Amino acid sequence: MRAWQVAELGEPAQVMKLVELPDPEPGPAQLLVRVLASPANFPDALMCRGLYQVRPELPFTPGVELCGEVVALGADVTGFAVGDRVLGSGDLRHGGFGELALMDLATTFPAPASLDDAQAASLYIGYQTGWFGLHRRAQLRPGETLLVHAAAGGVGSAAIQLGKAAGARVIGVVGGPEKAEVARRLGADVVVDRRTEDFVAVVKAETGGRGADVIYDPVGGETYQRSTKCIAFEGRILVIGFAGGEIQSAALNHALIKNYSIVGLHWGLYNQYDPAAVRECHQALTELADQGLIAPLVSERLPLGQVADGVQRLADGVTVGRVVYDAGVAE
């Protein structure tokens with residue numbers, strides 16, 4: 001099979017090489033799938049750089065989430081059959097950026113028929129993160145105001161749709177007019193271009209000075225610090241990640257005085273500590289997709305040969321929506 005392989009660490013465009021590899025074989029509780037689609041994710045870029053919290057042994061094939069067709073089952077696999085269309089996590093060493101991939105039974109789920117392959121591949125990490133963040137951690141309620149940073153990206157775009165589906169009023173923050181248009185298409189009620197507008201002032205104006213009830217922050221750094229200036233009484237700031245490159249320090253006295261919560265989310269831990277909740281979430285997401293309330297925004301569908309370029313552009317922060325390897329796209 002052909003697959004992208006990382007044999008040394010560095011920038012994705014430099015260290016990802018398209019090579020011929022033997023077909024992988026599924027081990028116990030694993031499925032071998034023909035990859036139908038696999039989106040680029042920030043963890044793919046971080047793993048190429050050796051900066052992710054999980055460091056697969058070299059060499060490895062990135063592609064942390066995918067949609068595929070089951071072609072073989074390892075020992076002890078139940079609930080799936082050859083020919084099933086599935087989505088979930090790729091094995092860390094045999095991920096989705098190839099013609100074949102391995103998936104672990106515990107993190108494999110039926111793909112919704114209401115979504116195409118590229119959309120289904122993009123339903124897992126970003127939407128599970130959004131669902132757990134907004135519902136399990138922040139307890140978002142109908143009628144509340146949700147502020148979403150990096151609203152045109154993969155994680156932020158999911159948060160917009162999930163917030164709207166939950167009945168919230170959504171303010172999206174983006175960088176540039178192209179991304180602003182994407183956020184509007186996703187359903188944001190108010191869109192702030194941080195390059196020309198101060199999101200703190202906009203949030204205060206849109207809420208009568210009250211502030212946002214929930215702030216969804218995958219950026220960190222100064223974005224987090226400024227978010228504390230427009231958080232409502234009893235508001236919740238969701239710490240999703242640090243895509244801006246700076247891990248902030250939190251002034252806990254400010255959280256005390258203003259009476260808001262700082263809520264962390266490490267979604268991957270649910271697979272370890274509460275896998276039943278992950279299955280519940282997938283069922284909820286499938287129902288929302290079937291109702292037409294959520295659908296991953298796929299901005300680019302790439303053939304296999306262009307995947308490394310797509311991952312690099314994602315890492316450089318110049319993409320919108322989801323950039324997806326789609327096996328149905330000709331080279």
Side-chain angles (χ1 to χ4, degrees), residues 123 125-175 179-194 197-220 223-244 248 250 255 258-265 267 281 284-285 288-289 291-297 320-321:
L123 186 68
I125 295 175
Y127 281 82
Q128 286 254 352
T129 298
W131 191 89
F132 273 94
L134 296 177
H135 293 291
R136 289 286 292 248
R137 302 293 285 141
Q139 300 291 313
L140 180 68
R141 295 183 290 270
E144 290 193 314
T145 297
L146 167 65
L147 176 65
V148 179
H149 290 294
V155 172
S157 62
I160 289 178
Q161 292 186 343
L162 290 166
K164 291 299 294 180
R169 185 164 188 261
V170 179
I171 302 174
V173 182
V174 299
K179 293 184 177 182
E181 181 56 34
V182 169
R184 291 188 190 95
R185 292 201 337 249
L186 287 162
D189 298 287
V190 178
V191 178
V192 183
D193 184 346
R194 58 179 170 78
E197 299 175 278
D198 176 10
F199 74 81
V200 174
V202 173
V203 169
K204 288 182 176 180
E206 290 290 336
T207 60
R210 184 174 182 277
D213 299 288
V214 175
I215 299 179
Y216 194 88
D217 180 18
V219 180
T223 295
Y224 168 86
Q225 302 296 354
R226 291 197 52 72
S227 293
T228 65
K229 308 298 184 185
C230 60
I231 184 71
F233 174 78
E234 290 197 327
R236 292 83 78 197
I237 300 178
L238 274 166
V239 179
I240 304 297
F242 312 99
Q248 68 273 10
K258 295 254 309 205
N259 204 61
Y260 64 85
S261 301
I262 304 163
V263 184
L265 174 65
W267 166 74
C281 173
L285 294 175
L288 289 172
Q291 295 166 22
L293 295 174
I294 62 171
L297 176 63
V320 297

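Only a predicted model underlies this, so the values are computations on that prediction, with no experimental measurement involved.
- In this structure, CD on Gln128 lies 7.5 Å from CG on Leu123, to the nearest 0.5 angstrom.
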Checklist line | Verdict with reasoning, Val174 to Val182, per side chain to side chain contact (heavy atoms under 4.5 Å, CB included) | finding: CA-CA 9 Å; Val174 299; Val182 169; over 6 Å; no

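- Contact record, Cys281 with Phe132: CB-CE1, 3.7 Å, taken as the closest heavy-atom pair.
- Considering all non-hydrogen atoms of both residues, Trp131 and Leu162 come closest at N-CD1, 3.5 Å.
- Test Leu146, Leu147, Val263 against Val214 for side-chain contact (heavy atoms from CB on, under 4.5 Å) and you get one pass: Leu146.
- Taken from CD in Gln248 to OG1 in Thr223, the straight-line distance is 9.0 Å, to the nearest 0.5 Å.
- Between atom OG of residue Ser157 and atom CZ of residue Arg185 there is a gap of 10.5 Å, rounded to the nearest 0.5 Å.
- Taking CG of Leu238 as the start and OG of Ser227 as the end, the distance is 11.0 Å to the nearest 0.5 Å.
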Next item on the list: Determine, step by step, whether Leu293 and Gln161 satisfy the side chain to side chain contact (heavy atoms under 4.5 Å, CB included) criterion, reporting the C-alpha distance in whole Å, the side-chain angles of both residues, the deciding distance to 0.1 Å, and the verdict.
Entry: CA-CA 7 Å; Leu293 295 174; Gln161 292 186 343; over 6 Å; no

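- Counting heavy atoms from C-beta outward, Thr129 and Tyr216 have side chains that approach closer than 4.5 Å.
- Nearest heavy-atom pair across Ala158 and Gly126 is CB-O, 3.7 Å.
- The number of heavy atoms from other shown groups lying within 6.0 Å of NZ (Lys258) is above 12.
- Of the listed residues (Val203, Val191, Val148, Ile160), just one forms a side-chain contact (heavy atoms from CB on, under 4.5 Å) with Ile171, and that residue is Val203.
- In terms of modelled atom types and a separation under 3.5 Å, the side chain of Arg236 and the main chain of Ala138 share a donor-acceptor contact.
- With rounding to the nearest 0.5 Å, the separation of CG in Asp217 from CZ in Phe242 is 8.5 Å.
- Between Ala188 and Gly172, the closest heavy-atom pair is CB-N, 4.3 Å.
- For Leu134 against Ala159, the heavy-atom pair with the smallest separation is CD1-O, 3.9 Å.
- In this structure, Phe199 and Arg226 approach most closely via the heavy-atom pair CZ-CB, 3.6 Å.
- Asp189 has a carboxylate O that lies under 4.0 Å from a charged side-chain N of Lys164, or vice versa, which qualifies the two as a salt bridge.
- The backbone N or O of Gly264 lies less than 3.5 Å from a partner atom in the side chain of Arg137, making a donor-acceptor pair.
- Atom NE2 of His149 and atom CD1 of Ile240 lie 11.5 Å apart (nearest 0.5 Å).
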